[in-house]
Amino acid sequence: MTDAKGFETGSALTERSLPVKGRRIRYFVGGDGPPLVLVHGLGGSATNWIELAPLLAPTFRLVIPDLPGHGASEPLPGVSGLQPYADRVAAVMEHEGAAPAPVVGHSLGGLVVLRLALRRPRAVSAVVLAASAGLSIGGAWGRNLLTAVTVIRPGRLAGRYRSIVARSPILRRIVFGVVSVADPVGLSDVSVEGFLAGQVLHTDTGSAWRALRDDDPRQELEQLGRPVLVLWGSDDVQLPLDDAFEYARRLRAPLRVIAGCGHLLIGERPEPCADAIREFLVSVGSRRVAAVEDAGTDAGSVRGP
């Protein structure tokens, strides 16, 4: 894959764009079934889901946006927090008739999804936090590293030569070791290119980083009121497993830890990630059916024969 045209599932994802308050948002749509929204992380793009999307598309109609300033989406003027990013995701969902829907957020995308669910609860039916940012950023070293990366943008160089990176074990370790991939050499070539493809298109990842750095959702998590799955890589050192336990505790949510992968779990171990997402959403649907049936039974017992 060299560009968005190669970002395909069993049936090709269609690239679309939507102007929101004068700024273009690029996104992809494809698959069959009820809607499912996938939101990428800081410095990523919609193509980050290139390995996971084909596994989910037979069951769900996928909506996968580029966040503002990332990929081919235009940047936002005067960003003062993450809510404008969540609002753009909501606009795409509404335009595509994909609300309410479950939403999966990876890294920064996890915090964007939380902001979306808190601000627009009717748009979100369930949440999957995949190595979600928001509780820590890996300590001072991690914060300084991410600041440097967003300013210097070394990913642009890696993105231009992503096919070469995919073929070189040494370059894989250099490029992906920084972002806490447990086994950079074990990444598929498609996954390597999917993670790097958006790098050459980014126009403003710094605003998202500053908004992320200043955001702390702890005091609001108990207000969420939606089913949540916490999904994490066992070897994530960028956002450590302690964050996963903290999210699970505060949200009273199940935690699924994927063995043998780090921060980019959606590309490192796409099959178990897809299994976890599907199983969670099936269980959410089953609980809703049971609740409706229980409500009907209770109402019948009140009314009597």
Problem set entry | Pair H95-R16, side-chain contact (heavy atoms from CB on, under 4.5 Å): steps then yes or no | CA-CA 11 Å; H95 182 74; R16 297 179 181 175; over 6 Å; no

Exercise. Does the R226 side chain pair with the main chain of V127, one donor and one acceptor, at a distance under 3.5 Å?
Worked result: no

For this session: Check whether any side-chain heavy atom of P35 lies under 4.5 Å from a side-chain heavy atom of M93, and answer yes or no.
Result: no

Exercise. Minimum heavy-atom separation for A53 to L62, with atom names?
Worked result: O-CD1, 3.5 Å

Problem set entry | Exceeds 12 heavy-atom contacts within 6.0 angstrom, atom CD of Q219 | no

Exercise. Would a 4.5 Å heavy-atom cut-off, applied to side chains only, mark L129 and L251 as touching?
Worked result: yes

For this session: Please determine if R120 and D87 form a salt bridge, counting it only when a charged side-chain N lies under 4.0 Å from a carboxylate O.
Result: yes

Problem set entry | Distance (rounded to the nearest 0.5 Å) between I277 CD1 and L38 CG | 7.0 Å

For this session: Compare all side-chain heavy atoms of L76 with those of R88 and state whether any distance is below 4.5 angstrom.
Result: yes

Exercise. Are V185 and I164 co-members of a hydrophobic cluster defined by side-chain heavy atoms under 4.5 Å apart?
Worked result: no

Exercise. So how far is it from E279 CD to R256 CZ, rounded to the nearest 0.5 Å?
Worked result: 5.0 Å

Problem set entry | Cluster link I174 to L187, ILVMFWY, side chain under 4.5 Å | yes

Exercise. Can you find a pair of side-chain heavy atoms, one from L36 and one from L281, that are under 4.5 Å apart?
Worked result: yes

Problem set entry | Any residue meeting ring-ring contact (aromatic ring centres under 6.0 Å, His included) with H70, in chain and number order, not counting sequence neighbours | H40, H202

Exercise. What's the verdict on side-chain contact (heavy atoms from CB on, under 4.5 Å) for L116 and V37, showing C-alpha distance, side-chain angles and the deciding distance?
Worked result: CA-CA 12 Å; L116 172 61; V37 182; over 6 Å; no

Exercise. If only atom types and distance count, is the side chain of R250 paired as donor or acceptor with the main-chain N or O of E222 below 3.5 Å?
Worked result: no

Exercise. Salt-bridged, E220 to R115, with N to O below 4.0 Å?
Worked result: yes

Problem set entry | Non-hydrogen atoms of G260 and D235 that approach each other most closely | CA-OD2, 3.7 Å

Problem set entry | Side-chain donor or acceptor of R269 paired with backbone N/O of A259 under 3.5 Å | yes

For this session: Answer yes or no: is there a donor N or O on one side and an acceptor on the other, between the side chain of W232 and the main chain of D243, under 3.5 Å?
Result: no

Seminar exercise, completed: Heavy-atom closest pair (Y27 atom, V63 atom, distance to 0.1 Å) is CD1-CG1, 4.4 Å

Seminar exercise, completed: Between V89 and P65, the two heavy atoms sitting closest are CG2-CG, 4.3 Å

Exercise. Would a distance-only check, ignoring hydrogens and angles, find a side-chain to backbone donor-acceptor pair under 3.5 Å from R167 to D189?
Worked result: no

Problem set entry | Validation row: S188, E51 side chains within 4.5 angstrom (heavy atoms) | yes

For this session: May I ask you to decide whether R249 forms a salt bridge with D242, counting only side-chain N to carboxylate O separations under 4.0 Å?
Result: no

Seminar exercise, completed: Rounded to the nearest 0.5 Å, the CG atom of L264 sits from the CG atom of D236 at a distance of 8.5 Å

Exercise. Taking C-beta and beyond as the side chain, do L82 and L108 meet within less than 4.5 Å on heavy atoms?
Worked result: yes

Problem set entry | Heavy-atom closest contact (V237 atom, S180 atom, distance) | N-OG, 3.0 Å

Problem set entry | Check: R26 side chain, G71 main-chain N or O, donor-acceptor pair, under 3.5 Å | no

Problem set entry | Rounded distance [0.5 Å steps], CG in L135 versus CG in L111 | 8.5 Å

Problem set entry | ring-ring contact (aromatic ring centres under 6.0 Å, His included) contacts touching residues 235-272 (sequence neighbours left out) | H106-H263

Exercise. V113 versus V104: any side-chain heavy-atom pair under 4.5 Å?
Worked result: no

Problem set entry | Considering all heavy atoms, the nearest P68-S73 contact | CA-CB, 4.0 Å

For this session: Look up atom CZ in F176 and atom CZ in F195, then write down how far apart they are to the nearest 0.5 Å.
Result: 7.0 Å

For this session: Would you mind reporting whether I266 and W49 have side-chain heavy atoms less than 4.5 Å apart?
Result: yes

Problem set entry | Spacing of CG belonging to L118 relative to CG belonging to L221, to within rounding of 0.5 Å | 7.0 Å

For this session: Decide yes or no on side-chain contact (heavy atoms from CB on, under 4.5 Å) for R61 and V29, but give the supporting numbers first.
Result: CA-CA 7 Å; R61 178 173 176 263; V29 177; 3.6 Å; yes

For this session: For side-chain contact (heavy atoms from CB on, under 4.5 Å), just list the numbers for I258 and E268, CA-CA rounded to whole Å, side-chain angles, deciding distance to a tenth of an Å, and then say yes or no.
Result: CA-CA 10 Å; I258 308 298; E268 294 178 74; over 6 Å; no

